[in-house]
Chemist: 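Here's a structure for you.
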2 protein chains.
Amino acid sequence: MPAPDSPSSDHDVAGDAPLAPPPPIAPFLPAQRRSAAEEARTLVAGRRVGSLATLTVDGSPWASMVGYGVLNDGSPVLHVSTLAEHGRNLERDGRASLVVVGDADDDDPLDSPRVTLAGRVERPSGEAQRTARDAHVAAMPQAAVLDGFGDFSLWVLRVERVRWVGGYARMASAGAADYAAAEPDPVVGSAAGAVAHLNDDHAGALLLMARALSGYTDAAAARCLRVDRYGLDLWVDTPRGAAPARVAFAEPVTEADGLRAASVELTRRARAQT
Amino acid sequence: MPAPDSPSSDHDVAGDAPLAPPPPIAPFLPAQRRSAAEEARTLVAGRRVGSLATLTVDGSPWASMVGYGVLNDGSPVLHVSTLAEHGRNLERDGRASLVVVGDADDDDPLDSPRVTLAGRVERPSGEAQRTARDAHVAAMPQAAVLDGFGDFSLWVLRVERVRWVGGYARMASAGAADYAAAEPDPVVGSAAGAVAHLNDDHAGALLLMARALSGYTDAAAARCLRVDRYGLDLWVDTPRGAAPARVAFAEPVTEADGLRAASVELTRRARAQT
């Protein structure tokens with residue numbers, strides 16, 4: 001095996017990275033995950049500040065912080081001043097890209113989920129102008145006071161490209177139509193609380209789920225890493241090593257407060273199969 | 001006065017914004033502040049993740065998250081993969097811009113301090129390559145494992161333009177030479193703790209300082225908002241209304257742990273003038 005600093009080694013040598021986790025040892029049902037479009041919609045809906053890339057007068061890139069609201073089709077709504085460089089840039093050339101960054105599960109910022117949207121801004125008019133204004137003020141109430149300031153403009157970013165990175169080794173692109181049609185995950189607001197509650201009070205149920213439903217029949221402990229509308233991401237300890245695992249809800253959760261019922265059903269199903 | 005939504009009103013109408021604060025009523029010494037270049041250097045030195053704007057193959061802007069280290073002259077060092085779009089973009093066109101965003105003092109993200117750097121990336125070689133690599137790994141130890149991966153490149157962003165925004169109505173540009181020569185504020189790591197300590201345990205001293213040194217001889221209460229190497233930003237209550245005020249240390253603080261001695265000197269001076 002070549003040394004990690006050998007020019008021929010490239011990504012086939014993991015360096016200090018952990019070894020591959022042990023595989024499941026029993027059959028298990030495939031567990032749906034959020035699509036890249038759903039991940040992108042969820043992350044964009046969950047924040048209200050991102051970084052905008054625009055083009056300066058000589059076509060160079062310019063990065064700036066920006067607040068945004070979101071239309072029903074996921075289009076970000078910006079409200080920027082021509083007193084700021086990004087505002088002047090958009091007046092001249094509507095091409096723009098917005099990156100939105102979420103919180104990492106751990107302390108490593110490179111493991112943060114993020115999404116890049118790229119396309120072209122349009123100035124909405126008529127009813128679309130009011131809708132865009134309302135979407136922006138819903139996210140940024142403090143911007144309402146700026147309505148009458150002539151140097152501020154509303155812009156809707158028409159998304160043409162979507163690139164989602166969930167963290168290390170979790171990434172995908174999404175088509176513009178898929179992005180527009182996808183739904184933000186309704187449980188995202190209660191997910192962190194649910195993860196803490198499952199780990200604190202239901203470690204036994206998580207272990208049952210891992211053994212009965214994820215193929216890790218030899219699991220000795222299981223911890224919940226993430227929850228989404230489709231199921232739970234687990235981290236499973238086995239005598240063969242630790243591994244990520246996934247268990248799916250019977251049905252995708254459609255309501256913000258639906259995680260409890262879905263988790264109870266999952267526990268009941270795991271018990272029935274144990 | 002025209003209504004806030006009148007097209008002619010522009011920024012001369014403050015809408016719901018607060019009225020102008022009352023002015024000081026006694027002479028006071030001018031209090032130095034960090035320059036825009038120092039603000040920018042301090043903010044860039046204090047973070048390790050920003051958003052990068054690069055140019056796609058057709059010259060459109062592309063925004064992405066990036067980790068960075070910092071050279072002694074404030075140049076950011078990036079370490080990006082050509083498997084990622086920003087890496088391919090930099091290979092093709094070295095023009096790039098990095099925005100770094102700090103934490104807002106309050107809950108309003110539009111009040112966050114941020115700085116945009118723009119310029120051109122260069123691939124360092126020889127000794128400069130090692131220095132850049134060390135600067136990047138100092139900020140991003142987790143990147144060390146990627147050293148041997150052929151798709152990763154180190155880039156140094158040679159800064160040509162600097163735009164600092166401290167929050168609402170605090171903003172300025174800085175020249176590239178000033179940015180390179182400026183020093184990050186050494187007290188930034190202990191500033192938040194010092195602010196809390198002053199407000200919790202030394203409210204009386206803050207009030208003395210406000211009355212004796214900031215021109216607000218009628219101050220009834222004073223709270224510390226921010227601390228930097230040059231002095232304290234205060235928020236002062238007076239019978240005429242509340243106002244921001246500033247008191248300066250006798251000498252700029254040069255050491256990370258120098259805030260205590262400087263604050264003690266400030267208190268002593270305020271007492272002597274009361």
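These numbers were taken from a predicted model, which means no experiment stands behind them. Atoms considered below: every heavy atom in the structure, side chains included; atoms not considered: hydrogens, waters and symmetry mates. Every chain is numbered from 1, with letters handed out A, B, ... down the list of sequences.
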Chemist: Where does B:Met140 contact chain A at under 4.5 Å (heavy atoms): side chain, backbone, both or neither?
Modeler: side chain
Chemist: Name every donor-acceptor pair, under 3.5 Å, that has one atom in a side chain of residues 178-185 of chain A and the other anywhere in the protein, sequence neighbours excluded.
Modeler:
unit_1	atom_1	unit_2	atom_2	d
A:Tyr179	OH	A:Gly74	O	2.8
A:Glu183	OE1	A:Arg229	NH1	3.1
A:Glu183	OE1	A:Arg229	NH2	3.4
A:Asp185	OD1	A:Val187	N	2.9
A:Asp185	OD2	A:Arg34	NH1	2.6
A:Asp185	OD2	A:Arg229	N	2.9

Chemist: Are B:Leu55 and A:Leu55 close enough, and set up right, to give a side chain to side chain contact (heavy atoms under 4.5 Å, CB included), and what steps lead you there?
Modeler: CA-CA 9 Å; B:Leu55 297 176; A:Leu55 297 176; 3.4 Å; yes
Chemist: Could you have a look at B:Asp108, B:Val165, B:Val49, B:Thr116 and say which one has the most heavy-atom pairs with chain A under 4.5 angstrom?
Modeler: B:Thr116
Chemist: Looking only at heavy atoms, which of residues 84-97 of chain A get nearer than 4.5 Å to chain B?
Modeler: A:Glu85, A:Arg95, A:Ala96, A:Ser97
Chemist: Starting at CH2 of A:Trp62, measure out to CG of B:Leu98 and round the result to the nearest 0.5 Å.
Modeler: 11.0 Å
Chemist: At a heavy-atom separation under 4.5 Å, does A:Arg48 approach chain B through its side chain, its backbone, both, or neither?
Modeler: side chain
Chemist: Counting heavy-atom pairs under 4.5 Å with chain A, which one of B:Gly67, B:Ser64, B:Ala118 comes out on top?
Modeler: B:Ser64
Chemist: Between A:Met65, A:Arg163, A:Arg120, A:Met171, which residue shows the highest count of heavy-atom pairs closer than 4.5 Å to chain B?
Modeler: A:Met65
Chemist: Could you look at B:Ser60 and say if it's the side chain, the backbone, both or neither that has a heavy atom under 4.5 Å from chain A?
Modeler: both
Chemist: Let me know if B:Arg161 has heavy atoms under 4.5 Å from chain A in its side chain, its backbone, both or neither.
Modeler: side chain
Chemist: Counting heavy-atom pairs under 4.5 Å to chain B, which of A:Ala53, A:Ser51, A:Ala63 comes out on top?
Modeler: A:Ala63
